[in-house]
**Student:** 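Below is the structure I would like to discuss, written out as structure tokens.
Lettering of chains follows the sequences in order, A, B, ..., and the numbering in each one begins at 1.
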Number of protein chains: 2
Amino acid sequence: MNSNSNLACDTCPVRESAACASLNDEERIKLSKIGRHKILKKGETLTAAGDENTVCATLVSGALKITSNDRDGTERILSLVHPAGFVGELFSPAVHHDVVALTESKLCVFSRPQYEEIIEGHPALALALLRRSADDLFDARSMMDLAGKRSADARVAGLIQAFARAASHSPCHSADTFDLPLTRGEMAGMLGLTIETISRKLGLLESDGLIKRQGARGIRISDHARLAELSD
Amino acid sequence: MNSNSNLACDTCPVRESAACASLNDEERIKLSKIGRHKILKKGETLTAAGDENTVCATLVSGALKITSNDRDGTERILSLVHPAGFVGELFSPAVHHDVVALTESKLCVFSRPQYEEIIEGHPALALALLRRSADDLFDARSMMDLAGKRSADARVAGLIQAFARAASHSPCHSADTFDLPLTRGEMAGMLGLTIETISRKLGLLESDGLIKRQGARGIRISDHARLAELSD
DNA sequence: CGAAAGGTTGAGTTCCGTCAAGTGTGGTGG
DNA sequence: CCACCACACTTGACGGAACTCAACCTTTCG
């Protein structure tokens, strides 16, 4: 159990952008009373499918994946969670998906029933979560769109573009040099492909001059236009 | 323009289950002032990708699909909307997906900016939408899971089970005789497959004795267990 | 240094998409 | 009533894209 200390909202890096930013000081103090920090190391899980649904959380730093697993053990990534993101299935008695840390991550964890009570008493929080939820829904649909592309080329190209957009912090622009945040296996899990196919397609993208690789993870996009065309 | 009359909430079939059910009479009357009914015939669109985002709506009867289109014209179905469901991308300036009627549908349409104002002033509505949004997100992830299965067999089997669950009105149980609500093309669009593959897989499921078909749309599930195993 | 995990590459095979032809079926109009 | 058409669906043959299996390379970490 690696939880600890009271919450230090004052120094929280996501205090302006997370759902709790909608609360005033008094309300936030109240919320902080029922929350606690938790550190997940890379690969550790917050909740697993089948668990009783007791917690929800705001991600403070790091990154999480939300996944489900086929019987044969293949992991399917349903969503990535970035700092200020909210995780947890509100209003549901059971947990349906695994939530696992991609990198060492810091969370603000709450009891789900208590959090729901607070939501009901605090309209601003409900509204903030509604906005976040609308974004999550849009992201999920974007991912469905990506994973549903016919060819593996289009999916890989689209994923690279998505990472490039996420890597640049300005929302409309996209970085042209960045590191892939996932292993080949995780990318495969997002796109419904295999590790080998990801590896081969990245090789092809490079030999076609659309990207340049530096080591296993480093990517430089050389031809945004052709990449966009491929991914359409 | 097939809009009309004031809203008749009193006789609305989804008045107990839609988001607006959370409002008291006075509030609902206020909401009904800014809404109007609209009938969409099969195939007609409510909003198209690229439009300015001006409307949102509650589905009263019928069924909708939320789709995106590849450049080559392939339609990808991102979500199905059932009565009492809410459609519209709140808090977003532009529309990203098409919303099209699968069958003749009756909607309660609102101006999105006005609706957002009302949400901000009515916590119960925000909370109701948050619950609905959480459900939508779960559905979206379930569909990602389904469409991400390795084999076409698993996807088709899973889709049939999903329809069987939707056809029985009790949420935990699943019907064993029902009609497919979609054309082969639409099923293909949901699963990222082709019409021909859907057709063939249905044929195989029948010849393997898992289902029995009556005409193009009628399905009877003969072997729930093997179907579930296939779809896992 | 050795082991483990992540990544690449190759050869063979299978599954699904493509193209094409053919079978209902419901609706419209002569 | 039948002829015709549009649309949804089925079926077959074929080729190619992605999966599987397997070997090997690279980096990291104990």
Side-chain angles (χ1 to χ4, degrees), chain A residues 41-44 65 70 72-77 100-104 146-160 179-208 211-219 230, chain B residues 41-43 65 70 72-77 102-104 147-160 179-208 211-219 230:
Chain A
K41 295 214 187 62
K42 179 174 177 170
E44 288 185 334
K65 58 181 174 184
D70 287 6
D72 66 7
T74 328
E75 173 185 271
R76 183 133 190 83
I77 297 189
V100 181
L102 283 167
T103 63
E104 175 158 321
L146 187 60
K149 300 286 181 195
R150 288 281 191 255
S151 68
D153 307 74
R155 296 187 218 181
V156 174
L159 188 61
I160 289 174
D179 279 1
L180 295 170
L182 301 181
T183 66
R184 301 290 185 266
E186 286 160 343
M187 289 190 265
M190 287 190 71
L191 299 177
L193 299 171
T194 59
I195 293 179
E196 296 93 324
T197 302
I198 301 286
S199 183
R200 281 189 249 270
K201 292 305 178 188
L202 285 176
L204 285 180
L205 286 177
E206 182 166 37
S207 64
D208 287 355
I211 62 172
K212 187 95 175 53
R213 287 187 291 176
Q214 309 254 28
R217 298 293 189 91
I219 296 284
L230 234 192
Chain B
K41 295 214 187 62
K42 180 175 175 169
K65 59 181 172 184
D70 287 7
D72 66 7
T74 329
E75 173 186 273
R76 188 134 183 83
I77 296 189
L102 282 168
T103 64
E104 176 157 322
K149 299 286 181 198
R150 289 283 194 250
S151 68
D153 307 71
R155 295 188 217 181
V156 173
L159 188 61
I160 289 174
D179 279 2
L180 295 170
L182 302 180
T183 66
R184 301 289 185 269
E186 286 160 343
M187 290 191 265
M190 287 189 72
L191 299 177
L193 299 171
T194 60
I195 294 179
E196 295 93 325
T197 301
I198 301 287
S199 184
R200 279 188 251 270
K201 293 306 177 188
L202 285 175
L204 285 181
L205 287 176
E206 182 166 37
S207 64
D208 287 355
I211 63 172
K212 187 97 176 49
R213 287 186 292 175
Q214 308 256 30
R217 300 290 189 94
I219 296 285
L230 234 191

**Student:** Starting from the 5' end of DNA chain C, give me the residue, A/Ala216 or A/Arg150, whose nearest nucleotide shows up first.
**Tutor:** A/Ala216

**Student:** Side chains of A/Ile219 and A/Arg213: does their closest heavy-atom pair fall under 4.5 Å?
**Tutor:** yes

**Student:** Side-chain contact, heavy-atom cut-off 4.5 Å: B/Leu182 with B/Lys65?
**Tutor:** no

**Student:** Separation of B/Asp153 atom CG from C/dC15 atom P, in whole Å?
**Tutor:** 8 Å

**Student:** For residues 196-206 of chain A, which residues have at least one heavy atom under 4.0 Å from DNA chain D?
**Tutor:** A/Glu196, A/Thr197, A/Arg200, A/Lys201

**Student:** At under 4.0 Å between heavy atoms, what does B/Gly192 touch on the DNA or RNA strands: base, sugar-phosphate, or nothing?
**Tutor:** sugar-phosphate

**Student:** How many Å lie between CD on B/Gln214 and P on C/dT25, as a whole number?
**Tutor:** 13 Å

**Student:** C/dG7, OP1 or OP2 - any side-chain N/O from A/Arg217 closer than 4.0 Å?
**Tutor:** yes

**Student:** Got a salt bridge between A/Lys149 and B/Asp70, using NZ or NE/NH1/NH2 to carboxylate O under 4.0 Å?
**Tutor:** yes

**Student:** How long is the line joining CZ of B/Arg184 and P of C/dT25, in whole Å?
**Tutor:** 13 Å

**Student:** If you only use heavy atoms from C-beta on, which nucleotide in C/dC16, D/dT20, C/dT18 is closest to the side chain of B/Ala152?
**Tutor:** C/dC16

**Student:** Could you work out which one of C/dC16, D/dT10, C/dG6 sits closest to the side chain of A/Thr183?
**Tutor:** C/dG6

**Student:** Check whether any side-chain heavy atom of A/Met187 sits under 4.5 Å from a side-chain heavy atom of A/Ile195, and report yes or no.
**Tutor:** no

**Student:** Send over the distance from A/Leu102 CG to C/dA5 P, rounded to a whole Å.
**Tutor:** 18 Å

**Student:** For A/Leu191 and D/dA17, what is the distance between atoms CG and P respectively, to the nearest whole Å?
**Tutor:** 18 Å

**Student:** Describe the nucleic acid contact of B/Arg213 in one word from base, sugar-phosphate, nothing, applying a heavy-atom distance below 4.0 Å.
**Tutor:** sugar-phosphate

**Student:** Identify the heavy atoms of A/Asp153 and A/Lys201 that sit nearest to each other, and give their distance.
**Tutor:** OD1-NZ, 3.4 Å

**Student:** Between D/dA8 atom P and B/Glu75 atom CD, what is the distance in whole Å?
**Tutor:** 12 Å

**Student:** State whether the side chain of A/Arg155 and the backbone N or O of A/Leu146 hold a donor-acceptor pair below 3.5 Å, judged by distance alone.
**Tutor:** no

**Student:** Need the bend value for the helix from C/dC1-D/dG30 to C/dG30-D/dC1: angle between end axes, 5 pairs each end, nearest 10°.
**Tutor:** 40°

**Student:** Would you say that A/Leu180 contacts A/Leu159 through its side chain, given a criterion of any heavy-atom pair below 4.5 Å between the two side chains?
**Tutor:** no

**Student:** Atom CG of B/Leu180 and atom C1' of D/dC9: how far apart are they, to the nearest Å?
**Tutor:** 12 Å

**Student:** Within this structure, what is the CE-to-C1' distance between A/Met187 and C/dG6, rounded to whole angstrom?
**Tutor:** 11 Å

**Student:** If you define the side chain from C-beta out and look only at heavy atoms, does anything of B/Leu230 sit under 4.5 Å from B/Leu205?
**Tutor:** yes

**Student:** Kindly indicate whether the side chain of B/Val156, heavy atoms from C-beta on, has any atom under 4.5 Å from the side chain of B/Leu193.
**Tutor:** yes

